[in-house]
Protein chains: 2
Amino acid sequence: MSSPSVRLLLCDDHAVVRAGLRALLSSADGIEVVGEAGDGEEALAMAARLKPDVVLMDLQLGDGMDGVTATRRLTSGGAAGPRVLVLTMFDTDADITRAVAAGATGYLLKAERPDELFTAIRHAAAGRTALSAPVADRLLAQLRSPRPALSEREHEILGQLARGLGNREIARALFISEATVKTHLGRIYTKLGVETRAGAVAVAKERRLLA
Amino acid sequence: MSSPSVRLLLCDDHAVVRAGLRALLSSADGIEVVGEAGDGEEALAMAARLKPDVVLMDLQLGDGMDGVTATRRLTSGGAAGPRVLVLTMFDTDADITRAVAAGATGYLLKAERPDELFTAIRHAAAGRTALSAPVADRLLAQLRSPRPALSEREHEILGQLARGLGNREIARALFISEATVKTHLGRIYTKLGVETRAGAVAVAKERRLLA
DNA sequence: GCCCGTATCAACCGATCGGTTGATACGGGT
DNA sequence: ACCCGTATCAACCGATCGGTTGATACGGGC
């Protein structure tokens, strides 16, 4: 006998993409789309009600809760919660790391071949980790030559920096002295491999370290 | 009698999205997906060969030719060329304006309801302009209070700025004097409504003025 | 022909930035 | 107990940035 269908919940903020995925997956054996969510809150509510086996989650969810947060909330509920399979456009180190840290069972890219999606969903339902080849490559590369990650405080500094604030304004915004801002900035420059604040903003946007 | 099916070519760099769209559109009456392209070059080649009525074009096409360029090349071939219907994630002023300027017959968002997509495709095939409501709103808002557009030279300056270069380096890169760079930067700040270079980079990335 | 926008350059000045050195303090890990 | 990473602050200095004023030149549009 074949195992029962995988009950799947879609979460993506683009209705056209959701509809496309539903149409695509409905043609696959052993996969049943039980619902669609357009944002993180909706995904949590529908997951609680529909008890899907797997949530197919985009990381970019528009204005509200982001996909990483939604993933954490979905998986933090213990063993009863659904598996989360991340399906997104970006293969950035930061995205992958954060998604895995948030409890994602798998991670694959929208650029992947569709049949990879089918198998990844079945793997995820079985509790097996499902990382597509490019994603796994990136993870290993990162392990081999680990990039110095920004500390949380440095992240905050970077956020203010991207708003165009000067050092004094950043200092006021974060309730620290201007001197501290400068030391943080120095470390940020070193870690990002840049020499100016404009360069730091550019690299940060590039690596998707900022909203 | 009903008119023959609209012959449609998909162009999107994400295979999963393409497959989803194909699955979705195959369920629609009067629409026939005749091919898929994953980048701009492929789209041009397949359009020449398959002679589709409409090309459904994403603006973000990864590394190579961008969607605006592909649209221009597709529509510049005179009346024989296909209609181009842009389907993308972003409703940024710059994207909409450039796509329309490049000859797009329609522009709609992936966040739109799927049935809007069906009607837009049929409209585009008939040569009618197809702008979804949010996009049309933005266009009108822009006409009512036109934002000062950056000149081409200012764009170049901005590009170098985003690389983190100093004024002197920008001057050398563009073969102009440092003084000229500063005057350009002053106008850029005014037009973007910022006061610092970091702010300019942030706003530029926000409005998608940069790659 | 004239006006206006754009691009180019110069010289100036104060404010800010970037880098350095050195210091204190707190927490986690061995 | 010790070390290491992180966060915090101070003082200093040269280089750069941001703003201003003023100028020339070229092109398109009325």
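Quick note on labels: first sequence line is chain A, next is B, and so on, each numbered from 1.
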K.L.:
Taking only the side-chain heavy atoms of A:Thr196 (C-beta and beyond), determine which of D:dT8, D:dC9, C:dG18 contains the nearest atom.
P.N.:
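The nucleotide sitting nearest to the side chain is C:dG18.
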K.L.:
Can you tell me the pairing partner of C:dT30 across any strand shown, Watson-Crick or G-U wobble, with both distances under 3.5 angstrom?
P.N.:
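Result: D:dA1.
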K.L.:
NA contact type, B:Ser151, heavy-atom cut-off 4.0 Å: base, sugar-phosphate, or nothing?
P.N.:
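Since only primed, P, OP1 and OP2 atoms lie under 4.0 Å of B:Ser151, the category is sugar-phosphate.
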K.L.:
From the options C:dA7, D:dC17, D:dA7, select the nucleotide whose nearest atom is closest to the side chain of B:His184.
P.N.:
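So the nucleotide nearest the side chain must be C:dA7.
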K.L.:
If you compare every side-chain N and O of A:Asn167 against the phosphate oxygens of C:dT16 (OP1, OP2), does one of them come in below 4.0 Å?
P.N.:
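For C:dT16, neither OP1 nor OP2 has a side-chain N or O of A:Asn167 closer than 4.0 Å.
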K.L.:
Looking at the side chain of B:Ser177, which of C:dG18, C:dA10, D:dT8 is the nearest nucleotide?
P.N.:
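From the listed options, C:dA10 comes nearest.
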K.L.:
Whole angstroms only, please: what is the CD-C1' distance between B:Glu154 and C:dT6?
P.N.:
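Nearest whole value for this atom pair: 8 Å.
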K.L.:
Within the supplied structure, the quantity of interest is the number of heavy atoms (other residues, nucleotides, ligands) at a distance under 6.0 Å from B:Glu195 CD; does it exceed 12?
P.N.:
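Atom CD in B:Glu195 is not crowded, with 12 or fewer foreign heavy atoms closer than 6.0 Å.
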K.L.:
Distance check needed: C:dT6 C1' versus B:Leu174 CG, whole Å only.
P.N.:
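In whole Å, C:dT6 C1' lies 15 Å from B:Leu174 CG.
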K.L.:
Side chain of A:Arg153, heavy atoms from C-beta onward: which of D:dA7, D:dC9, D:dT6 has the nearest atom to it?
P.N.:
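The answer is D:dA7.
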K.L.:
Do B:Thr180 and B:Thr183 meet the criterion of a side-chain donor-acceptor pair at a distance under 3.5 Å?
P.N.:
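Side chains of B:Thr180 and B:Thr183: no pair found under 3.5 Å.
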K.L.:
Give the nucleotide from the list C:dC17, D:dG22, C:dA7 with an atom nearest to the side chain of B:Thr183.
P.N.:
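Ranking C:dC17, D:dG22, C:dA7 by closest atom to the B:Thr183 side chain puts D:dG22 first.
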K.L.:
Select base, sugar-phosphate, or nothing to describe what B:Gly186 touches, counting heavy atoms under 4.0 Å on all strands.
P.N.:
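Result for B:Gly186 = nothing.
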K.L.:
Among the candidates D:dC17, D:dG18, D:dT8, find the nucleotide nearest to the side-chain atoms of A:Thr180.
P.N.:
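Nearest nucleotide to the side chain: D:dT8.
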K.L.:
Applying a 3.5 Å limit to both distances, which nucleotide forms a Watson-Crick or G-U wobble pair with C:dG22?
P.N.:
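Paired with C:dG22, as far as the under-3.5 Å criterion goes, is D:dC9.
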K.L.:
Mind checking B:Arg187 for me? I need base, sugar-phosphate or nothing, with any heavy atom below 4.0 Å counting as a touch.
P.N.:
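Base contact - B:Arg187 has a heavy atom under 4.0 Å of at least one base atom.
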K.L.:
Please state how far atom CZ in B:Arg197 lies from atom C1' in C:dT16, giving the value in whole angstrom units.
P.N.:
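Atom CZ in B:Arg197 sits about 12 Å away from atom C1' in C:dT16.
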K.L.:
What is the separation between atom CD1 on B:Ile170 and atom C1' on D:dT16, rounded to the nearest whole Å?
P.N.:
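Taking atom C1' of D:dT16 as the reference, CD1 of B:Ile170 is at 12 Å.
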K.L.:
Taking CD from B:Glu169 and C1' from C:dG18, how many angstroms apart are they, rounded to a whole number?
P.N.:
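Atom CD in B:Glu169 sits about 13 Å away from atom C1' in C:dG18.
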K.L.:
With respect to the side chain of A:Ala179, which nucleotide from C:dC17, D:dC9, C:dG19 is positioned closest?
P.N.:
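Within the option list, the nearest is D:dC9.
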K.L.:
Count the heavy atoms belonging to other residues, nucleotides or ligands that lie under 6.0 Å from CZ of B:Arg163, then report whether that count exceeds 12.
P.N.:
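No, the 6.0 Å shell around CZ holds no more than 12 heavy atoms from other groups.
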K.L.:
The side chain of A:Ile176 lies closest to which of these nucleotides: C:dC12, C:dC17, D:dT8?
P.N.:
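Between C:dC12, C:dC17, D:dT8, the one nearest the side chain of A:Ile176 would be D:dT8.
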K.L.:
How many whole angstroms separate atom CD of B:Glu195 from atom P of D:dG19?
P.N.:
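B:Glu195 atom CD is separated from D:dG19 atom P by 7 Å.
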K.L.:
State, without any angle test, whether A:Asn167 and A:Arg172 hold a side-chain donor-acceptor pair at a distance under 3.5 Å.
P.N.:
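Result is no, nothing qualifies.
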K.L.:
When you get a sec, tell me which of D:dT6, C:dT16, D:dG18 is the closest nucleotide to the side chain of B:Leu185?
P.N.:
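The answer is D:dG18, which lies nearest to the side chain.
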K.L.:
With sugar-phosphate meaning primed atoms plus P, OP1 and OP2, does B:Arg168 contact a base, only sugar-phosphate, or nothing at under 4.0 Å between heavy atoms?
P.N.:
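Sugar-phosphate: the residue B:Arg168, judged by heavy atoms under 4.0 Å, touches backbone atoms but no base.
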K.L.:
A:Glu178 has an atom CD; how far is it from atom P of C:dA15, in whole Å?
P.N.:
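Atom-to-atom, A:Glu178 to C:dA15, this comes out as 13 Å.
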K.L.:
Would a 4.5 Å heavy-atom cut-off, applied to side chains only, mark A:Phe118 and A:Leu25 as touching?
P.N.:
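Counting from C-beta outward, A:Phe118 and A:Leu25 do come under 4.5 Å.
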K.L.:
In whole angstroms, how far is the P atom of D:dT16 from the NZ atom of B:Lys182?
P.N.:
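That distance rounds to 11 Å.
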K.L.:
Is the shortest distance from a Lys or Arg side-chain nitrogen in A:Arg208 or A:Asp93 to a carboxylate oxygen in the other one below 4.0 Å?
P.N.:
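So A:Arg208 does not pair with A:Asp93 through a salt bridge.
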